[in-house]
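Here the structure comes first, spelled out in structure tokens, and everything after it is commentary.
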2 protein chains.
Amino acid sequence: MDKARLGALCFYRVLNENMARDNFANDRRATITDVAREAGTGKTSISRYLNGETGVLSTQLRERIEEAIAKLDYRPNQMARGLKRGRNRLVGMLVADLTNPYTVEVLQGVEAACHAYGYMPLICHAANEVDLERRYLQLLSTYRVEGVIVNALGVKEETLETLARGGVPVVLVDRSVEGLVTDMVGLDNAEAIRMAIHHLVSQGFDELLFVVQPYAQVSSRRVREAAFRDTIGALGISGVSDVSGATIVLDLDNDENLAEIDARIDAAQRRSRRIALFAANAPVALRVALHLKELHGADWQRRVALMSIDDSEWAELAGMTTVRQPTYTIGERAVEFLHERIEGAVVAPRECLLPGELIVRTSTSAPTNNGNT
Amino acid sequence: MDKARLGALCFYRVLNENMARDNFANDRRATITDVAREAGTGKTSISRYLNGETGVLSTQLRERIEEAIAKLDYRPNQMARGLKRGRNRLVGMLVADLTNPYTVEVLQGVEAACHAYGYMPLICHAANEVDLERRYLQLLSTYRVEGVIVNALGVKEETLETLARGGVPVVLVDRSVEGLVTDMVGLDNAEAIRMAIHHLVSQGFDELLFVVQPYAQVSSRRVREAAFRDTIGALGISGVSDVSGATIVLDLDNDENLAEIDARIDAAQRRSRRIALFAANAPVALRVALHLKELHGADWQRRVALMSIDDSEWAELAGMTTVRQPTYTIGERAVEFLHERIEGAVVAPRECLLPGELIVRTSTSAPTNNGNT
DNA sequence: CTGTTAGCGCCTTCAT
DNA sequence: ATGAAGGCGCTAACAG
């Protein structure tokens, strides 16, 4: 390390001279004052020009201003602008886990919409760490963002409430936060689960295993799990079929219950029941798939049917049936909500649940594939 | 839409009253002046406290300040700070494609390092659109970021040069930009390719097909392609083996040359040669895998060997051999470079090429698997 | 140890 | 139609 630095230092002289030459008049970015001087006018006119108050400036002045700006390569300082106006067009986007494709997809919608409305999204990645999440939230408030879109991880209602009370609109994505009433947009989980289960049943599966990460803290997981049980229950009640279902909690950090899954599969198949695993999201699906592959070899799919919520990129490759979330739209809608509130709309908190789309692939389609061995 | 809005408006009254009550004294964030008044002192002392100039403040004053800050829930305005100090701790991170897992992984390294150095990364996602990329670059300069990390897409040397000349350090990631000499960090592509090819050859493959996206504009692709040809050539020259290799350009937007791949595979297998496909990155690998699966069915891997650069999450599931990039480190290193320059280091531009790691999986391991049918 | 003063770059009355 | 002056929230000399 020291040596490398030493080596680098050898070039010090030369580079320094080059830089000195190049940056002579250019090291400091031009300010509005510079432009005013260059154009031979006052700062006010420049400001007016920048803010598009056209028609209030004589044609010649405008031309001179344009020249000056071009010559100095001037760009107004957003920070200073924000300081004065009280709005800096920054919105925070706090995501729990960029590693989850869901997040990235939502992000694309958010970005597009932000652009359309003229916002600059400040993306913060909590990387599944609650501490980081809180820190970022504070940081965002420190940068005086005009609004925040939160894909909550473990924030307490209180932390967000502080923000909201400070007059900063908050829109929740995918997950709601207990005790906090704000706009929220996400998947219509109940309906998605219902749709998926009906598909499975119609394909002849009569034993369903729902695999989900620890769900106490995460509303969407909670809702999905509840919907799973409800739907299974309703099936029984309505006598449509005698499908049985159970939930398995899988912690991706310790894989504790993977064996439990195997046991269930074995038991079911011994009783000649056709069993299907239903993963509550993409990360779970991947973990389960990897495990099954390890256990049963490359053609594990012939033994076990797997479907999941979230249509990840490898779903097609694995031929896995999924429910695709309207991720892009979710992101867009979140920004729309945020925008309305930033613009001062005072309306009751809204909950926007968008429908998922069932994507049927081979994993759940051919009844002959999934008998017991 | 209109109806929904109308419905929402019904709540207007109630909500408004609530808000009026809650926000009475709280709607505007407290400023340093408020704190000073509350603590019965001057702004300077507050400022000193904020900047950790401890030991210069009497214990009692410090206590009063702490109380005031807590009571008012005061948070210094970063914008104002930045305006005054000339540094706002913002660094830009411009990525070409968040959809590519590579990008996300690098990002994690960047975020971690930024945190360590006290920077706030402003993540901009160009979504593979050159226009967006340029716009974001301007935006970043407008927000007066102290440095930029660029995973270049199509930026002209000129655009970045303008930034750099404005005194904003630039660090390139993965791809270099023609005509621009700056710090750059990425994979040691040549060595990675060499390593991969030697692996393939040692496994008995004697015909290699390198599949890469159009590479004229992207330096890393260019380097990989060249390294592929060079290495193949060197093999021939040194008489180590009679391995033949060819490059196929695959545009993921139109899939034009997929058929070409099939033709090559057929031809090779007709001549009883053992062929392996080598994808230049994860997106290409996925596209090729999907195509092969469509063509040859679920057990396409028995017919064709596929490996790639980039160790995506589904690689394990598919049992595909890969070269994993040291993505996290790349991100960290990029920030380190940036930090040094921001701190004023004047050293010759550096190029940091990190080694990849060969991850051998079944796709290229069992010689018996990949004969012709 | 502490307060006063003068800006940072920009926008916004308010005159002219 | 244009410009001068004051201030946004904060820091950095200078005094005391």
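Residue numbers start from 1 in every chain, and the chains themselves are labelled A, B, ... in the order their sequence lines are given, proteins ahead of strands.
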Summary of protein contacts for nucleotides 10-16 of chain D, nucleotide by nucleotide, where a base hit scores B, a sugar-phosphate-only hit scores S (4.0 Å, heavy atoms):
BBBB---
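By the ring pair (Phe, Tyr, Trp, His ring centres under 6.0 Å) test, Tyr143(B) is found to be paired with no residue, residues two or more places apart in sequence or in another chain being considered. In this structure His339(A) satisfies the ring pair (Phe, Tyr, Trp, His ring centres under 6.0 Å) test together with Tyr117(A), Tyr119(A), sequence neighbours excluded. Residues meeting the ring pair (Phe, Tyr, Trp, His ring centres under 6.0 Å) test with Tyr136(A), sequence neighbours left out: His115(B).
Atom C1' of nucleotide dG9(D) and atom CG of Leu83(B) are separated by 9 Å, given to the nearest angstrom. When rounded to the nearest whole Å, the span between OH of Tyr49(A) and P of dT2(D) equals 14 Å. Spacing between atom CZ of Arg89(A) and atom C1' of dC10(C) amounts to 16 Å, rounded to whole angstrom units. In this structure, Asn88(B) atom CG and dC8(C) atom C1' are separated by 13 Å, rounded to whole Å.
Counting only residues at least two apart or on different chains, the side-chain hydrogen bond (donor to acceptor under 3.5 Å, both in side chains) pairs with a member in residues 176-185 of chain A are Ser176(A)-Ser219(A), Asp183(A)-Arg341(A), Asp183(A)-Arg350(A).
Within the 3.5 Å criterion, the main-chain N or O of Met79(A) finds no donor-acceptor partner in the side chain of Arg144(B).
Side chains of Val168(B) and Leu140(B) form no contact here, defined as non-hydrogen atoms less than 4.5 Å apart.
Look at Ser45(B) and you won't find any side-chain N or O under 4.0 angstrom from OP1 or OP2 of dT2(C).
The overall bend of the helix from dC1(C)-dG16(D) to dT16(C)-dA1(D), read as the angle between its terminal helix axes built from five base pairs each, is 40° when rounded to 10 degrees.
Pairing each heavy atom of Ala68(B) with each of Ala39(B), the nearest pair is CB-CB, 3.9 Å.
To the nearest 0.5 Å, the span separating CG on Leu122(B) from CG on Leu90(B) amounts to 4.5 Å.
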